[in-house]
2 protein chains.
Amino acid sequence: MGYQDSAGKALTDYPRPSVAVDVAVLTVPPEQHSPEQELFVLLVRRAGKHQHDAWQLPGTFLHPGEILADACHRALREKVGIEGSEPVQLHVLDDPHRDDRGWVLSVAHLDVVAWRRLERVDTTEVRLAPIAEVRGLAFDHDRIVALAVERLRAEYQETPDPRGLLEEPFTLLDLQRLHEAVVGHELPKDSFRRGMEPRLRATGETQAGVVGKPARLFVRE
Amino acid sequence: MGYQDSAGKALTDYPRPSVAVDVAVLTVPPEQHSPEQELFVLLVRRAGKHQHDAWQLPGTFLHPGEILADACHRALREKVGIEGSEPVQLHVLDDPHRDDRGWVLSVAHLDVVAWRRLERVDTTEVRLAPIAEVRGLAFDHDRIVALAVERLRAEYQETPDPRGLLEEPFTLLDLQRLHEAVVGHELPKDSFRRGMEPRLRATGETQAGVVGKPARLFVRE
DNA sequence: TAAATAGTGTCTCTCAGACACTATGTC
DNA sequence: GACATAGTGTCTGAGAGACACTATTTA
């Protein structure tokens with residue numbers, strides 16, 4: 001890149017770090033699955049380690065000529081069998097001693113995948129854990145989870161289900177439960193409706209066969 | 001890090017990218033320097049290129065064992081003579097072809113430095129340019145400037161001069177002019193005062209020798 | 001006293017939250 | 001009709017912007 005140090009020597013000959021991506025895949029279970037909806041994160045068993053409870057986020061090294069997003073896609077495809085997600089960068093973790101096997105920078109990512117696409121991955125090698133119970137992950141992955149949750153909460157402040165976690169069509173109550181799971185606390189019913197309804201499109205249909213007044217159904221605009 | 005591909009081969013042997021940092025140093029001139037205050041960015045002449053108007057952001061390659069913030073500090077010390085700034089990460093630029101001399105990832109950073117500490121650096125090799133006039137920088141540095149401006153504007157929405165661009169003590173009008181320069185548009189006088197004053201500490205002193213009612217002086221809390 | 005700038009009182013508008021009320025379905 | 005849930009009308013308080021008014025200095 002033409003950077004030179006004070007002696008004028010080109011610096012591209014210096015030793016290079018390994019560059020990895022790590023992805024915090026967040027999701028929310030549907031209401032019928034658990035009455036208390038909350039955020040879950042996808043964990044994989046730590047490679048090469050067979051001790052109990054050694055978990056980490058899915059990740060991989062960046063391959064030559066590859067962009068970071070594609071490395072994320074590859075990691076999720078190979079380890080979890082997920083396709084077509086949309087990772088976003090969070091932060092570069094750069095402590096030179098964060099990995100005791102060498103100099104590894106990790107670019108932390110957030111990804112969001114609907115529960116339905118993750119149900120089948122719950123095996124001995126892969127599991128979904130409520131974020132409140134995630135402690136002691138390998139490396140600095142606890143911090144990545146915290147960054148991912150913070151970012152997702154910011155995204156869900158503004159827009160109705162911007163990441164498409166909910167299956168369409170949905171009721172306003174479905175949407176509210178989802179947003180409550182993401183932001184981690186209850187929301188006032190009427191303010192939520194007034195804020196969200198103008199940003200949705202009503203299908204014209206209503207729920208059928210439910211007790212009480214049937215709710216109108218909506219899709220994302 | 002123990003990542004393995006599907007064949008089980010450890011990946012740390014793959015070719016590694018060079019990792020660089022590039023820093024958008026933003027500042028605002030004091031009022032007496034230019035009536036129209038606006039954001040300026042620090043540019044350095046593109047190394048090894050002698051064509052006219054070949055400018056880029058200061059940057060450097062990451063050295064072994066170094067964290068990104070220290071690489072930023074080193075770049076600014078060696079090229080511009082600045083010490084003690086506080087870079088924050090913005091984004092990783094990862095287009096494999098962004099640098100035609102090799103595979104170079106760049107971690108873009110924002111830094112903010114008071115004008116007073118930058119005045120002396122305006123030489124043939126280094127200059128300060130208003131952000132509105134910055135176009136056609138080397139590599140993807142135009143985009144880094146845009147990201148840096150966006151981040152700085154967000155920081156200045158909340159807090160009075162969080163980056164310490166203003167010399168203390170200052171008047172509320174000084175502070176307002178600064179914030180207007182950062183966010184890029186005028187702000188209502190009375191709302192600005194009401195929002196900011198509770199977050200400042202009055203020194204008890206006032207301006208002396210000015211026409212009109214002398215303004216009270218404040219420092220950051 | 002005139003001019004200039006600092007600082008405030010107050011009105012209005014909007015928006016979020018609280019709360020109670022109405023609407024419309026099942027049992 | 002009893003019950004349950006969806007959806008709304010309205011009040012209140014907080015905060016932003018508009019605007020005019022008061023306050024305090026120099027010339």
Side-chain angles (χ1 to χ4, degrees), chain A residues 30-32 35-37 153-154 156-161 166-221, chain B residues 30-32 35-37 153-154 156-161 166-221:
Chain A
E31 196 161 5
Q32 68 269 22
E36 276 290 300
Q37 282 181 290
R153 285 181 173 164
Y156 271 71
Q157 295 288 351
E158 301 294 329
T159 316
D161 192 19
L166 217 52
E167 289 209 59
E168 294 179 321
F170 48 81
T171 69
L172 273 167
L173 186 59
D174 293 335
L175 185 65
Q176 183 175 345
R177 295 273 178 271
L178 170 66
H179 278 247
E180 287 173 341
V182 170
V183 303
H185 57 84
E186 296 197 344
L187 297 168
K189 178 179 92 164
D190 37 14
S191 296
F192 183 81
R193 301 182 85 87
R194 278 190 266 259
M196 291 300 177
E197 188 172 335
R199 314 190 58 173
L200 297 172
R201 193 158 55 79
T203 64
E205 317 247 300
T206 59
Q207 273 185 325
V210 291
V211 177
K213 179 173 174 177
R216 287 188 293 159
L217 294 172
F218 296 88
V219 294
R220 284 176 287 271
E221 187 68 319
Chain B
E31 197 161 3
Q32 67 268 22
E36 276 291 301
Q37 284 181 287
R153 285 181 173 162
Y156 271 71
Q157 296 285 354
E158 300 295 328
T159 316
D161 191 21
L166 217 52
E167 291 208 60
E168 295 178 319
F170 49 81
T171 69
L172 273 166
L173 186 58
D174 293 335
L175 185 66
Q176 184 175 343
R177 296 272 177 271
L178 171 66
H179 278 247
E180 287 173 343
V182 170
V183 304
H185 58 82
E186 295 198 346
L187 297 168
K189 178 179 89 162
D190 37 15
S191 295
F192 184 81
R193 303 182 83 87
R194 278 190 265 258
M196 291 301 177
E197 189 173 334
R199 314 190 58 173
L200 296 172
R201 192 159 55 80
T203 63
E205 316 247 300
T206 58
Q207 270 184 328
V210 291
V211 177
K213 179 172 174 177
R216 287 189 294 160
L217 294 172
F218 296 88
V219 294
R220 284 177 286 272
E221 186 68 318

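Chain letters run A, B, ... following the sequence lines, proteins first, then strands; residues in each count from 1.
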Whole angstrom is fine here: how far is it from NE2 in A/H185 over to C1' in C/dG17? 14 Å

Figure out the CG/P separation between A/L200 and D/dG7, and round it to whole Å. 12 Å

Would you kindly give the CE-to-C1' distance between B/M196 and D/dA16, to the nearest whole Å? 13 Å

Rounded to whole Å, the CG-C1' distance (B/D174 to C/dA6) equals 13 Å

What's the spacing between A/L172 CG and A/E197 CD if we round to 0.5 Å? 6.0 Å

Not counting sequence neighbours, which residues clear ring-ring contact (aromatic ring centres under 6.0 Å, His included) with B/F192? List them please. B/H179

Report the residue (B/F218 or A/G195) whose heavy-atom-nearest nucleotide on DNA chain C is the more 5′ of the two. B/F218

A/R216 side-chain proximity, nearest of D/dA6, D/dG7, C/dG17: D/dG7

Could you tell me how far apart B/L175 (CG) and C/dA6 (P) are, to the nearest whole angstrom? 13 Å

Please report the distance, rounded to the nearest Å, between CD in A/E158 and C1' in C/dA16. 15 Å

Can any side-chain N or O of B/E180 pair as donor or acceptor with the backbone N or O of B/L187 at less than 3.5 Å? yes

CG-CZ distance between B/D190 and B/R194, expressed to the nearest 0.5 angstrom: 5.0 Å

Any base atoms under 4.0 Å from A/R193, or only sugar-phosphate, or nothing? Heavy atoms, all strands. base

Just wondering, are more than 12 heavy atoms of other shown residues or ligands nearer than 6.0 Å to CD in A/E168? yes

Whole Å only: how far is the CD atom of B/Q176 from the P atom of C/dT5? 14 Å

Would you confirm whether B/R220, through its side chain, and B/L166, through its main-chain N or O, come within 3.5 Å as a donor-acceptor pair? yes

Polar-atom pairs under 3.5 Å, protein N or O versus N or O of nucleotides 24-27 of chain D: list them with distances, or write none.
residue, atom, partner, partner atom, Å
D/dT24, O2, B/K213, N, 3.3
D/dT25, O2, B/G212, N, 3.4

Can you check the B/E31 CD to C/dT5 P distance for me, whole Å? 11 Å

I need the single residue from A/T206, A/V219, A/L200 that forms a side-chain contact (heavy atoms from CB on, under 4.5 Å) with A/P169. Which is it? A/V219

Can you tabulate the close N/O pairs, meaning under 3.5 Å, that link protein atoms to atoms of nucleotides 19-21 of chain C?
residue, atom, partner, partner atom, Å
C/dC19, N4, A/D190, OD2, 2.2

Interatomic distance, CZ@B/R193 vs CG@B/L175, rounded to 0.5 Å, equals 10.0 Å

A/R201, CZ: over 12 other non-hydrogen atoms inside 6.0 angstrom: no

